[in-house]
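The block underneath contains the structure these notes are about, expressed in structure tokens.
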Amino acid sequence: MSTTAPPGPATAPDPRPRPARRPTPVLFRVLRPIASLQLSVVLFAIATALVFFGTVAMMQKGLWTVVDEYFRSALVWVPFELFRKWGTIFLDMPKDAEPWVGSFPFPGGWLIGGVMLANLLAAHIVRFKFSWKRSGIVILHAGMVALMLGELVTGLYAVESTMTLKIGEKADFVDASREFEIAVVDHADPKIDKYVCVPQGMIERPGVVRDERLPFVLEVVEYWPNTEFDLLKRPPTDGRVLPSPMGWFRFAKKGEGAGVDGQAPVDTPSVVVKAVHSKTGASLGEYFLSALEYPNFALNHRRFPLPEQSVTVDGKAYGIGLRNQRIYKPYEIELKRFEHGKYPGTDIPRDFASTVLVKDQRDDDPVEVRVWMNNPLRHQGDSLYQHETLTSDSGTVLQVVRNPGRIIPYASCVMVTLGMLVHFGIRLNGFLAKRAA
């Protein structure tokens, strides 16, 4: 037998009016999709894929080329050939198969980082409310933002260069490590040389270079990003040749050094140019210019005395050569002494040290400074490190780094660590309080 409960008394409606729902501000409606956690997950997945593509790309390209193309760009075209290269190593695919043609666009490192930064800031604006309990998370995220901005500053403004000095030499310029230029020099004035320089961006592809200060025009025939060379005792019959007191250097075009090859030397760029008279249009000759001719180049460092080439126009000679891009400094460095310590009874290097005189253009009193391993000279925003030594300890090579954002990564690491300590400290304090209660 079933029974049915009698109906209860009817519920009277609430006479109080419900408060009107506040409309969502336009800013919050715009930022809410950007602040989504799903977008964060997708961005991390895309960033992981970009790291994979960049790592595989270093099998064919140089480290800095990959960094510029994949990680310091907004968009990169990823070739399908990368997947075939990866398959030859991990899937035993045939190495002599035909290359895969084509490519597809993919977000670059700067685009991914920019969207990640927007996602993080939008999440704080939309979802997070600042309170003491969340102070650790805020500090931690601020450290991550600083780390992203530090990479942006480094990518845009950091410059790595070298200063090559023999004992007793002075220099007020550095040689950019990854940028090159054609330098045309006029030696007519015995007191000062006059230079006209053509930057690398104008010589990487065929074209004509004109300058009103020169009586001739340069036609770029071919640019080689990398060159292999050997020194021969007899003049060779093939390849590009440059004579020197040591013999004949023979050059041949070579592919860019792979970033995964840690033992590969630096790339040696070369360029083939023609000189043409500006007024008559007469050919003044074809010239093969190699960075190896520059005495301060990394693979030369005063070892190979290659004579300067010259272009003669109307009886006047102009020197011409390919060199690292020069950056002039408001100070002068003179190498006074160079020390090369060895462990007793062996030829194993123990330390290297350079004693230099630093003289500013506006200061007549030079300052003597000793530079040795892990103890750089910091001057006017530059950090000068002991880098290499010249042949027979005749001099030194100082690495000169200028990075306006060099402090930002250290500050960001401190902020992240502090944020974690504050966050876990607050959590631990709350846990202990509950346990005591």
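None of these values were measured; they are calculated from a predicted model.
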Partner of R240 under salt bridge (charged side-chain N to carboxylate O under 4.0 Å, His left out), picked from E293, E286, E228, is E286
TODO: May I ask you to decide if V76's main-chain N or O and S73's side chain share a donor-acceptor pair within less than 3.5 Å?
DONE: no
*asked:* H379 vs D360, test: side-chain hydrogen bond (donor to acceptor under 3.5 Å, both in side chains). Steps then yes/no.
replied: CA-CA 10 Å; H379 189 70; D360 290 332; 2.6 Å; yes
Between S40 and N119, is there a side-chain donor-acceptor contact under 3.5 Å, judged purely by atom types and distance? yes
Exactly one of Y294, F249, F297, W248 clears ring pair (Phe, Tyr, Trp, His ring centres under 6.0 Å) with F304, and that residue is F249
For residues 165-172, which side-chain N or O atoms pair as donor and acceptor with protein atoms under 3.5 Å away, sequence neighbours left out?
{"residue": "E169", "atom": "OE1", "partner": "K166", "partner atom": "N", "Å": "2.9"}
{"residue": "E169", "atom": "OE1", "partner": "R302", "partner atom": "NH1", "Å": "3.4"}
{"residue": "E169", "atom": "OE1", "partner": "R302", "partner atom": "NH2", "Å": "3.3"}
{"residue": "E169", "atom": "OE2", "partner": "R302", "partner atom": "NH1", "Å": "3.1"}

Does R178 form a salt bridge (Lys or Arg N to Asp or Glu O under 4.0 Å) with D68? I'd like the steps, not just the answer. CA-CA 12 Å; R178 299 193 295 128; D68 292 337; 3.2 Å; yes
| With distance as the sole criterion, is a donor-acceptor pair present between the side chains of D267 and N226 under 3.5 Å? | yes
* T396 side chain to E388 side chain, donor-acceptor N/O pair below 3.5 angstrom -> no
For a quick check under 3.5 Å, do S177 and E160 share a side-chain donor-acceptor pair by atom type?
no
Does R326 count as lying over the ring of F173, i.e. NZ or CZ under 6.0 Å from the six-ring centre, within 45 degrees of the axis? yes
- prompt: Within 45° of the axis and under 6.0 Å from the centre of the six-membered ring of W86, does NZ or CZ of R84 qualify?
  reply: no
Item to complete: Step through the shown structure and confirm whether more than 12 heavy atoms of other residues, nucleotides or ligands are within 6.0 Å of CD on E212.
Response: no
- [ ] Say whether, by atom type as modelled, one donor and one acceptor occur between the side chain of R303 and the main chain of N300 under 3.5 angstrom.
- [x] yes
*Ring-ring centroid check F251 F288, cutoff 6.0 Å*: yes
Contacts of T227 meeting side-chain hydrogen bond (donor to acceptor under 3.5 Å, both in side chains) (sequence neighbours excluded), chain-then-number -> S270
Q | N-O pairing of D238 and R250 below 4.0 Å | A | yes
task = Kindly indicate whether the side chain of Y385, heavy atoms from C-beta on, has any atom under 4.5 Å from the side chain of W372.
result = no
K329 side chain reached by R402 side chain, heavy atoms, under 4.5 Å
yes
Min side-chain heavy-atom separation K85-W100 under 4.5 Å
no
- Sidechain-backbone polar pair: S394 side chain, L390 backbone, donor-acceptor under 3.5 Å: no
